[in-house]
Amino acid sequence: MKNFAASLLALWQQLGLNQRVSLLVATVAVIGGMVAVVFWARRPDYQLLYARLSEKDSTAIISQLQTQGVPYQLTAGGTAVQVPSDQVYKLRMELAGKGLPSGDGVGFEIFDKGQFGLSDFVQRTNYLRAIQGELARTITQLQGVRAARVMIVQPENRLLLTDQSVRSTASVFVDMGGTRLDTEGVNAIRHLVANAVQGLSPDQVAVVDNRGRVLSEELKQDPTLGNASSQMRYKQQVEDYLARKVESMLALVIGPGSAVVRVSADIDTEAMTQMQERFDPDGQVVRTQTINEDSSNTSETRNNGGATGVSANVPEKTVADNSAKPTNSTEQNRKNRTTSYEINRTTTSITRNPGTVKNVSASVLIAPRVMPPPAGSAPGTAPTQQKRTPEELTALRQVVVNALGLKVAPGQELDSLVTLQEMPFAVEQVSQTVEAIQNETRIQGWMDAGSKWAAVVGAAVALLLFLRLLSKQKPEPVPVEVFAMSPDIAARSLQGGSQITPEMLNQLIRQKPANIGTALRDWVATPAAKN
């Protein structure tokens, strides 16, 4: 061990100043790298425990982790917590058992504990709070939504409702950070809240973001088209639908991107209710009919049995009376008939809602047909454009008319309904623009990739420069210690300069074996310098 230390000390003494500095720098760099690798290897592997936490949940989770002595890291401005990877699932189960994270607001866990003696008003208020909390938690699961709050207003539960126009309403506040929620996301929130609350329609749900913008105003359905914004929105929807319908059909015939269609629709925005009543005098129907019949029958006959009493004892008078009385018979019949007729009447009620398409006109631009270069042409020959015949343009115009469902009156020209023209498109400018965008995107990608590897490349370049400088450093000549050199060897050394001859080497080895290393190095390096 002592010999090894002595050898190192002797080697250190033989090195020059630049070599000593380089060796010290390299030693420090190696030791620092080893220490960094050791610390990095002993560093625990952190993984995400929870993300997008509120301040309340983040504080509660950190308190639990500190109580258990678990190391943690806070990222994303304190809204995300990371713990060692081997404890992620265990900690999630333990925190879930303690009700963490609880999320913003209160959910249906408010009913987990039995509370006796609460009034009906408090119970209904807790139920409303639970719905608001559950909806807010669900909305925060949407992509891009950092936080959400839901406020629901319902009419009071009364036995007698004095105002039938009072309906349920809701307001939703979403925190999007620096982005904006798209139309599909806003519509999803409206329908989610409306279907979770009884008697609530999507049009009664207002969605507001953290920048104070009302996102749901443009999505309200107005069946009467009462305001100008609703009319313009409905008109744009109809025109876009018809334009896409025609463009998708032409793309299959003349190629994608070869047709541009613009449709103008005339929308009827007036609501009308018409009542019509018609009488037909020629058409009569029996409405009522009454028939009354009366019959009377009276008859009187003579009594042939004789009279009774005193007159029966007088013969002459009795005979005379019997012969003087005749037999009377009376019969009476009466029949009444009353018939009432009603004139034929037709009542028609017509209600026409706004939104009827009264008239449609279209303008279509198509690109000429692109013909490939002829066979045998030089490489790189650009394709040529060939115009279509009038018959082909007329056929395409008729296809557009049929696709839009237009009705052509007798004698009416198709040009008055659909304008179709063929002209070359600015393909070169578009291609140049697309190429510029692609180049910009490619450069941006290279810059992003370069920023990631800049540190590694810088370290590699620094290492290469250090090795290059180290290789250029020439060792300083170390004088060989000579003891009692003979006069003839010393004279030859003076004549030959600094060259070492075999005789000098043998003499030096005998006097001091420590000079063998330096002598051999100078002896080997001398011919290379001459070459």
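What you see is a predicted model, and the numbers here were worked out from it, not measured in a lab.
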Can you measure from [atom1] ([X]) to [atom2] ([Y]) and round to the nearest 0.5 angstrom?
X: Asn402; Y: Lys407; atom1: CG; atom2: NZ; answer: 13.0 Å
X: Ile131; Y: Gln154; atom1: CD1; atom2: CD; answer: 6.5 Å
X: Leu49; Y: Gln82; atom1: CG; atom2: CD; answer: 9.5 Å
X: Tyr89; Y: Gln47; atom1: OH; atom2: CD; answer: 6.5 Å
X: Thr351; Y: Gln274; atom1: OG1; atom2: CD; answer: 9.5 Å
X: Arg369; Y: Ser258; atom1: CZ; atom2: OG; answer: 11.0 Å

Over all heavy atoms of both residues, which pair between [X] and [Y] is shortest? Give the atoms and the distance, please.
X: Ala265; Y: Val238; answer: CB-CG1, 4.2 Å
X: Val83; Y: Tyr72; answer: CG1-CB, 4.3 Å
X: Pro368; Y: Met423; answer: CD-O, 3.4 Å
X: Ile366; Y: Ile254; answer: CG2-CD1, 3.7 Å
X: Val193; Y: Ala170; answer: CG1-CB, 3.8 Å
X: Ala194; Y: Pro202; answer: CB-N, 3.6 Å

Going by heavy atoms in the side chains, are [X] and [Y] under 4.5 Å from each other?
X: Leu142; Y: Ile189; answer: yes
X: Leu250; Y: Val261; answer: yes
X: Arg190; Y: Val172; answer: no
X: Ser85; Y: Tyr46; answer: no
X: Val408; Y: Val401; answer: yes
X: Val207; Y: Phe173; answer: no
X: Val81; Y: Leu65; answer: yes
X: Val174; Y: Asn210; answer: no

**OP:** Verify the neighbour count for atom CD of Glu277: are there more than 12 heavy atoms of other residues, nucleotides or ligands below 6.0 Å?
**Re:**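 Counting other residues, nucleotides and ligands, CD of Glu277 exceeds 12 neighbours.
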
**OP:** Check the surroundings of atom CD in Glu184: do more than 12 heavy atoms from other residues, nucleotides or ligands lie under 6.0 Å from it?
**Re:** no

Subject >> side chain to side chain donor-acceptor pair (under 3.5 Å) evaluation trace for His191 with Asn195 >> reply: CA-CA 6 Å; His191 285 81; Asn195 287 276; 5.9 Å; no

Determine yes or no for a side-chain-to-main-chain donor-acceptor pair under 3.5 angstrom, with [X] supplying the side chain and [Y] the backbone.
X: Arg137; Y: Ala148; answer: no
X: Thr138; Y: Glu134; answer: yes
X: Asp209; Y: Gly212; answer: yes
X: Arg146; Y: Met176; answer: no
X: Gln276; Y: Thr347; answer: no

Subject >> Steps toward side-chain contact (heavy atoms from CB on, under 4.5 Å) verdict (Val364, Val260) >> reply: CA-CA 6 Å; Val364 182; Val260 178; over 6 Å; no

Original post:
When you look at Ile267 and Val357, which way does the side-chain contact (heavy atoms from CB on, under 4.5 Å) test go after all the steps?
Top reply: CA-CA 5 Å; Ile267 307 298; Val357 180; 3.8 Å; yes

Original post:
Under the side-chain contact (heavy atoms from CB on, under 4.5 Å) criterion, do Arg213 and Arg180 qualify, and how do the steps go?
Top reply: CA-CA 10 Å; Arg213 295 174 297 192; Arg180 180 167 183 171; 3.7 Å; yes

Subject >> Qualifying side-chain hydrogen bond (donor to acceptor under 3.5 Å, both in side chains) pairs, either residue in residues 236-254, two or more places apart >> reply: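 Applying side-chain hydrogen bond (donor to acceptor under 3.5 Å, both in side chains) to every pair that reaches into residues 236-254, excluding sequence neighbours, yields Lys235-Glu239.
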
Subject >> Arg149/Asp175 salt bridge by N-O under 4.0 Å criterion >> reply: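 No, this pair does not count.
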
Subject >> Ion pair Glu392/Arg397, N-O distance below 4.0 Å >> reply: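 No, this pair does not count.
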
**OP:** Show your reasoning for whether side-chain contact (heavy atoms from CB on, under 4.5 Å) applies to Leu417 and Val400.
**Re:** CA-CA 10 Å; Leu417 298 176; Val400 175; over 6 Å; no

